[in-house]
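The shown structure was predicted, so the numbers you read here are calculated from the model rather than taken from an experiment. Residue numbering restarts at 1 for every chain, and letters A, B, ... go by the order of the sequence lines.
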Protein chains: 2
Amino acid sequence: MTKPSRRSRGSITVQDVAREAGVSAMTVSRVVNGGTNVREATREAVLAAIAKLNYSPNSAARSLAAGEATQIGLLYSNPSAAYLSQFLIGALAAARRAGCHLVLEACEGERAEEQAEATRGFVQTHVQGVILPPPLSEVTAVRDELEAAGIPWVSVAMGLPPEGSLNVRIDDFAAACAMTKHLLDMGHRHIGFIRGNPNQTSSAERYRGFCAAIEEAGLDLAAMPVEQGYFTFRSGIVASEALLDLPDPPTAIFASNDDMAAAAVGVAHRRGLHVPQDLSVVGFDDTALATTMWPELTTVRQPIAAMAEAALTMLLDELRPRGQITEPEQVLAHQLIVRESCAPPPKR
Amino acid sequence: MTKPSRRSRGSITVQDVAREAGVSAMTVSRVVNGGTNVREATREAVLAAIAKLNYSPNSAARSLAAGEATQIGLLYSNPSAAYLSQFLIGALAAARRAGCHLVLEACEGERAEEQAEATRGFVQTHVQGVILPPPLSEVTAVRDELEAAGIPWVSVAMGLPPEGSLNVRIDDFAAACAMTKHLLDMGHRHIGFIRGNPNQTSSAERYRGFCAAIEEAGLDLAAMPVEQGYFTFRSGIVASEALLDLPDPPTAIFASNDDMAAAAVGVAHRRGLHVPQDLSVVGFDDTALATTMWPELTTVRQPIAAMAEAALTMLLDELRPRGQITEPEQVLAHQLIVRESCAPPPKR
DNA sequence: CGGGCCAGCGTTACCGCTAACAAATCGGCC
DNA sequence: GGCCGATTTGTTAGCGGTAACGCTGGCCCG
């Protein structure tokens, strides 16, 4: 009398699949994973059994048996909420595939000590690797702490990552260059630029891209007014006011992110300038803000979710050496999104 | 010669703690969990050992052994990104504590068939429970599908949930009532209201709250102009234009969410009206948008992350009967956030 | 004073899967 | 045909934790 073990959960296991396919559990495991050294006929039989039983492996058991990393940290400060949600979506998708948990930790403070403190939270909870989205990818307090604890990390969306570090990014330089060319193509010859926060290397890269496009067009870079911003809406207001207060204001403003671009549009409206008829404004990032304003913003889209996925995958490859060596650096494709905030300059 | 098993990961296990505390592994487990039937002295010894060794339980092993639910689905459509990120933060925190995975699935379409399709994705991946943030909490196609598969779900932020269903929410009625009173206290007697999408019961609740406050103040409800909106920025533009086009436009606009309030501010600016001097505008939700606009928005904050945590916890209590019966319904506290978009009405 | 009961703790046997090793199978070549 | 190495498959022993049950000793009741 083989009464079913009272603890059995009734779910389909490798054993069931193995029996169905007429092989051993180990072979099923091999097929499900890499699948090395399994005869084609066998593999097909196993796959058929899997499909028939609608088997899906138990990730808890898998990571327990394989002794794999299961806790990946994600330290976030306050990038725009839109960025974070996209990022989490991508990271969660990858985490689920890999069967690992995402451990979030907020890092609100600006001071190095607070940042180090938040990082130590990870060390104590035995996180095996950490993902650093911007702007934390550039904070040395965080990185030093991880380094000291021997925890590998991957930085996301740095403008210019240091050699040899794990990182995923887009080409900020090329993107800014393309955006500038778009403005030039529309006929703008007098473009104001609002720089991003200097604590992030992407700010410098975006500005470099702007400069390169201007110079390539044979224009005088010195004639282009530049204001310092800090990626916040408020800083965008100040910078835009400064640009529009100039005796000869620009016909277009290129803000280094969407928040500051939105600020520029707001300032223009307050002054009775119509966007884009009187002033063109473009941003960078394509956050949700870009479409919850009026007119909708021409901007550059980063594949945020894909970057998060790539970051997690890269980190796991590092933690679970499976033979294949992945590139320590990945540059994903950006995309120029043309909307309504941008038009040819007004005729004089 | 007890060479350490070559597979040991070197991490601290219950066994280590048990040895340190001079008890058995099972006792450690009991202390770590509920802790029933353990003598106080023993518990303290175990806790001391845990602290000394900095032990943290392996969640993979735990859920494997306990046979607990490990995959919780979260079906999202496109609420504001700000909402989603807060929601995910809360859900992830709870998921980690419980040692379960969050499985995201996007549900973009509006058609019932698409929604059912997305839901079926969950059924196939053996998700044990589902969380439905707004607006999906109200979509019958989704709920029917889950019902059919026998998967429990919890709906979040419905205005008026059906009796007996698992749900977490705030009191939309009371919040809208409080917000309206705030406007009345400032001296407004002519307030325009922009309703939310009728496919969500919270829209009706918010409107009910508005009405209740107006009537309680002894004002004539019929004199308050009301426009239909759909929670989108664009619908807010249309509604605001209509309100401000009235021969006797209101001195304040209460929009049923922040996106529409932002639209109202945008429209006012276009017309040369200053906010809040000429027109007060208030919103609902306190999304990131509320502070990335100018002036910053007076609004109602929902404890989004806390609601997500509560939802997941509730679902797990349902799935892992631990004796204690949790309330199938939880109403969390909202908060009136007063910022700069609101002032006494202009003197005539 | 013996037996039943229960709090408190230990023992055993797994949960579902996979690393490591052992065994079996298959060609290829002398 | 038989031997050898490479490939394919099976077997065993856990990964770290917990459910179920067994054992102990004190307490109460008859």
Side-chain donor-acceptor distances from residues 37-52 of chain B under 3.5 Å, at least two apart:
| from | atom 1 | to | atom 2 | distance (Å) |
| --- | --- | --- | --- | --- |
| B/Arg43 | NH2 | B/Gly35 | O | 3.2 |
| B/Lys52 | NZ | B/Glu20 | OE2 | 2.8 |

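- Residue B/Asn33 contributes atom CG, which lies 13 Å from atom C1' of D/dG16 at whole-angstrom precision.
- Within the 4.5 Å cutoff, no side-chain heavy atoms of A/Ser56 are placed close to those of B/Thr125.
- As a whole-Å value, the separation of B/Leu64 CG from D/dG14 P is 17 Å.
- At the phosphate of D/dT9, OP1 or OP2 sits under 4.0 Å from a side-chain N or O atom of A/Thr42.
- For B/Ser29, a side-chain nitrogen or oxygen approaches OP1 or OP2 of D/dT18 to under 4.0 Å.
- Residues satisfying the side-chain contact (heavy atoms from CB on, under 4.5 Å) criterion with A/Ser24, sequence neighbours excluded, are A/Met26, A/Thr27.
- Screening residues 123-135 of chain B for salt bridge (charged side-chain N to carboxylate O under 4.0 Å, His left out) gives no qualifying pairs among residues at least two apart or on separate chains.
- Straight-line distance from the CD atom of B/Glu40 to the P atom of C/dG8: 10 Å, rounded to whole Å.
- Where the helix from C/dC1-D/dG30 to C/dC30-D/dG1 starts and where it ends, the local axes point in directions that differ by 50°; five pairs per end, rounded to 10°.
- Residue contacts for A/Val28: at a heavy-atom cut-off of 4.0 Å it reaches no nucleic acid atom on any strand shown.
- When rounded to the nearest whole Å, the span between CD1 of A/Ile12 and C1' of C/dC15 equals 15 Å.
- Taking atom CD on B/Glu44 and atom P on C/dC9, their separation rounds to 12 Å, with Å as the unit.
- With sequence neighbours excluded, the residues that form a salt bridge (Lys or Arg N to Asp or Glu O under 4.0 Å) with A/Glu117 are A/Arg120.
- Contact check, B/Asn37 against C/dC9: no side-chain N or O comes under 4.0 Å of OP1 or OP2.
- Here C/dG16 presents its P atom at 9 Å from CD of A/Gln15, a figure rounded to the nearest Å.
- Nearest nucleotide to the B/Met26 side chain, out of C/dT11, C/dA19, C/dG16: C/dT11.
- For the pair B/Ser11/A/His126, no side-chain contact is recorded, criterion being any heavy-atom separation below 4.5 Å from C-beta on.
- Of the listed nucleotides (D/dG17, C/dT18, D/dT8), D/dG17 has the atom at the smallest distance from the side chain of B/Ala61.
- One atom, NE2 of B/His126, and another, P of C/dG16, lie 13 Å apart when rounded to the nearest Å.
- Taking atom CD on B/Glu68 and atom C1' on C/dC15, their separation rounds to 12 Å, with Å as the unit.
- Atom CD1 of A/Ile151 and atom CZ of A/Phe122 lie 8.5 Å apart (nearest 0.5 Å).
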For residues 127-140 of chain A, dump all side-chain donor-acceptor pairs below 3.5 Å to protein atoms at least two apart in sequence or in another chain.
| from | atom 1 | to | atom 2 | distance (Å) |
| --- | --- | --- | --- | --- |
| A/Gln128 | OE1 | A/Thr70 | N | 3.1 |
| A/Gln128 | OE1 | A/Gln71 | N | 2.9 |
| A/Ser137 | OG | A/Val156 | O | 3.3 |
| A/Glu138 | OE1 | A/Thr201 | N | 2.9 |
| A/Glu138 | OE1 | A/Thr201 | OG1 | 3.2 |
| A/Glu138 | OE2 | A/Thr201 | N | 3.1 |
| A/Glu138 | OE2 | A/Thr201 | OG1 | 2.9 |

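- The base of C/dG10 sits within donor-acceptor range of the side chain of B/Arg30, with an N or O pair under 3.5 Å.
- Interface residues of residues 94-103 of chain B facing DNA chain C, ordered by number: none; criterion, heavy-atom separation under 4.0 Å.
- For the segment residues 46-58 of chain B, residues with any heavy atom less than 4.0 angstrom from an atom of DNA chain D are, sorted by number, B/Tyr55, B/Pro57, B/Asn58.
- Residue pairs that meet the salt bridge (charged side-chain N to carboxylate O under 4.0 Å, His left out) test with at least one member in residues 90-101 of chain A, sequence neighbours left out, are A/Arg97-A/Glu309.
- In the set C/dT18, D/dG16, C/dG10, the nucleotide with an atom closest to the side chain of B/Thr27 is C/dG10.
- For the pair B/Asn33/B/Arg62, a side-chain contact is recorded, criterion being any heavy-atom separation below 4.5 Å from C-beta on.
- Applying the salt bridge (charged side-chain N to carboxylate O under 4.0 Å, His left out) test to every pair with at least one member in residues 102-111 of chain B, sequence neighbours left out, gives these pairs: B/Arg111-B/Glu114.
- The salt bridge (Lys or Arg N to Asp or Glu O under 4.0 Å) check on B/Asp16 picks up B/Arg19, with sequence neighbours excluded.
- Note on B/Val32: nothing from the nucleic acid sits closer than 4.0 angstrom, heavy atoms only.
- Candidate nucleotides C/dT18, C/dT11, D/dG16 were compared by shortest atom distance to the side chain of B/Ser24, and C/dT11 ranks first.
- For the pair B/Trp153/B/Leu75, no side-chain contact is recorded, criterion being any heavy-atom separation below 4.5 Å from C-beta on.
- Of the residues B/Glu329, B/Gln330, B/His334, the one that meets the side chain to side chain donor-acceptor pair (under 3.5 Å) test with B/Arg169 is B/Glu329.
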Tabulate atom names and distances for all N/O pairs under 3.5 angstrom spanning the protein and nucleotides 22-28 of chain C.
none

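- Using a 4.5 Å heavy-atom cutoff, the side chains of B/Thr119 and B/Cys107 are not in contact.
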